[in-house]
> 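What follows is a structure written as C-alpha cells; I'll ask about it next.
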Amino acid sequence: MAKIAPSILSADFARLGEDVKDICDRGADYVHIDVMDGLFVPNISFGAPIMKSLNGIATAPYDVHLMIVDPDRYIENFVTDNTEFITVHYEACDDIAYTIKHIKEAGAKAGVSIKPGTAPEVLDDYLEDIDLILVMSVEPGFGGQKFMDSSLPKIAYYKKKREELGLDYVIEVDGGVGAANAYLVKDAGVDLIVAGSAVFKAEDRSAVINAIKE
Ligand code: DX5
Ligand code: ZN
C-alpha cells in the first residue's frame, strides 16, 4: 500500500477546479503542486495564486514541490491552511539546513528533493530534521517522461536509513509512475507516489488511482 499525490501539472488548466475536485473524490491523498521557475528547470508552470484558488475545492492537503532557485524567497507564499508539505530541491539551496528550518517556522512540514544525478548520501546530515524526502525518477521540468529505475536504490537507501536511525520521514517518488510500474517503487519501500499524466490522462481515473495505491 502507498499513498498517491496526483500532480496537477497534467490537469486541464481551463477546468482546474473540477479536475482537482474529481481526483480528491476518487481517493487522492494529496494534491501535488509543481512550481517551476524556468531557471531551476527549463519550464514555467504556475505560482501560489493558482494553488490558493483551489483552497476550499481541494479536500486533500497540498504537497508543494518547488522547482525554483533560492526557494527561501517564496516559502511563505505557499503556506495555507491546506498546505502540508513544502519540498525544495537540495540542488537549489545554499544552506539546506537553514531552508528546512525556514519551512517549519513558516508552518509547513519540510521536504527535500534530489534530482536523478544527485547521490542519496547528500542528505545524511539532515535526515533527523526532514519530514519528507522526494526522490525524482525523471529530470524535473515536465510531465509525461519515462521512469528512471536508478531511483529504486535511492528509495531503498532512505528506507534503510530510516530504520537504522529510528526516524519517521515520508519517502516520496515523482516522475513516470503509473499503474503498470507502481509495484517497483512500492517494492523498494516508497510511501507516497506522485502521478501526473497517468492519473489525469486516464479514461478511468479511479482505476489508476486504486492500482497505484494498492
Ligand atoms: C516533474 C514534476 C512531476 C510531474 C510528474 O518535474 O515534478 O510531478 O508532474 O508527471 P508524470 O507523472 O506524468 O511523470
Ligand atoms: Zn513534482
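Every number for a ligand or one of its atoms is a count from 1 in the order of the listing. Here the structure is a predicted model, which means the values were calculated and not measured.
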> List the closest protein heavy-atom neighbour of atom 3 (C) of ligand 1: residue, atom name, distance to the nearest 0.1 Å.
Asp174 OD1, 2.9 Å
> Consider every N or O of Ser10 and every N or O of ligand 1, then say whether any pair is closer than 3.5 Å.
no
> When you compare the side chains of Asp37 and Tyr74, does any donor N or O come within less than 3.5 Å of an acceptor on the partner?
no
> Tell me which N, O or S atom of His65 sits nearest to the Zn ion (ligand 2).
ND1
> At a 4.0 Å threshold, what atoms of ligand 1 neighbour a non-hydrogen atom of Ser7?
8 (O), 9 (O)
> Quick one: which ligand 1 atoms are inside 4.0 Å of a heavy atom on Met36?
6 (O)
> When you look for heavy atoms under 4.0 Å from ligand 1, do you find them on the side chain of Ala195, its backbone, both, or neither?
backbone
> Return the minimal non-hydrogen interatomic distance between Pro42 and Phe142, and the atom names on each side.
O-CZ, 3.5 Å
> Atom 14 (O) of ligand 1: which protein heavy atom is closest, and how many Å away?
Gly176 N, 2.8 Å
> Can you confirm, on distance only, whether ligand 1 has an N/O atom lying under 3.5 Å from any N/O atom belonging to Gly144?
yes
> For ligand 1, which atoms, with element, lie under 4.0 Å from some heavy atom of Pro140?
6 (O)
> Give the residue, atom name and distance (to 0.1 Å) of the protein heavy atom nearest atom 12 (O) of ligand 1.
Gly196 N, 2.7 Å
> At a 4.0 Å cut-off, with the gap strictly under it, does some heavy atom of Phe147 reach an atom of ligand 1?
no
> With under 30° as parallel and over 60° as perpendicular, where do the rings of His89 and Phe40 fit, or are they tilted in between?
tilted
> Which of the atoms of ligand 1 are close to Leu9, meaning less than 4.0 Å from one of its heavy atoms?
9 (O)
> Considering only heavy atoms of Met67, which atoms of ligand 1 have at least one such atom less than 4.0 Å away?
6 (O), 7 (O)
> Give, rounded to 10 degrees, the angle between OD1 (Asp34) and OD2 (Asp174) as seen from the Zn ion (ligand 2).
170°
> Could you list which atoms of ligand 1 come closer than 4.0 Å to a heavy atom of Val194?
8 (O)
> Testing Val199, Asp12, Ile57 one by one against Asp19 for a side chain to side chain contact (heavy atoms under 4.5 Å, CB included), which residue passes?
Asp12
> Below 30° counts as parallel, above 60° as perpendicular, anything between as tilted: where do the rings of His32 and His65 land?
tilted
> Nearest to atom 1 (C) of ligand 1, what protein heavy atom do you find, and at what distance?
Phe142 O, 3.6 Å
> I'd like to know if Gly141 contacts ligand 1, where contact means a heavy-atom distance under 4.0 Å to any ligand atom.
yes
> Taking only heavy atoms of His32 into account, list the atoms of ligand 1 that are under 4.0 Å away from them.
8 (O)
> Can you tell me if Ser45 and Asp34 form a side-chain donor-acceptor pair at under 3.5 Å?
no
> Taking salt bridge (charged side-chain N to carboxylate O under 4.0 Å, His left out) as the criterion, tell me which of Lys3, Lys159, Arg162 meets it with Asp191.
Arg162
> Restricting to non-hydrogen atoms, name the atom on Cys93 and the atom on Pro71 that form the minimum distance, rounded to 0.1 Å.
SG-CG, 3.7 Å
> For atom 13 (O) of ligand 1, grab the closest protein heavy atom and report residue, atom and distance to one decimal in Å.
Ser197 OG, 2.5 Å
> Is Lys115 salt-bridged to Glu91, cutoff N-O under 4.0 Å?
no
> Counting C-beta onward and ignoring hydrogens, is there a side-chain heavy-atom pair between Tyr158 and Glu163 closer than 4.5 Å?
no
> Going by the order shown, which atoms of ligand 1 are within less than 4.0 Å of some heavy atom of His65?
7 (O)
> Closest non-hydrogen protein atom to atom 10 (O) of ligand 1, residue and atom name please, with distance?
Gly143 CA, 3.5 Å
> Please report whether the ring centroid of Tyr30 lies less than 6.0 Å from that of Phe85.
yes
> Testing the basics here: between Val138 and Gly176, what is the closest heavy-atom pair and its distance to 0.1 Å?
CG1-N, 4.0 Å
> For Glu76 and His102, test the side chains for any donor-to-acceptor distance below 3.5 angstrom and give the result as yes or no.
yes
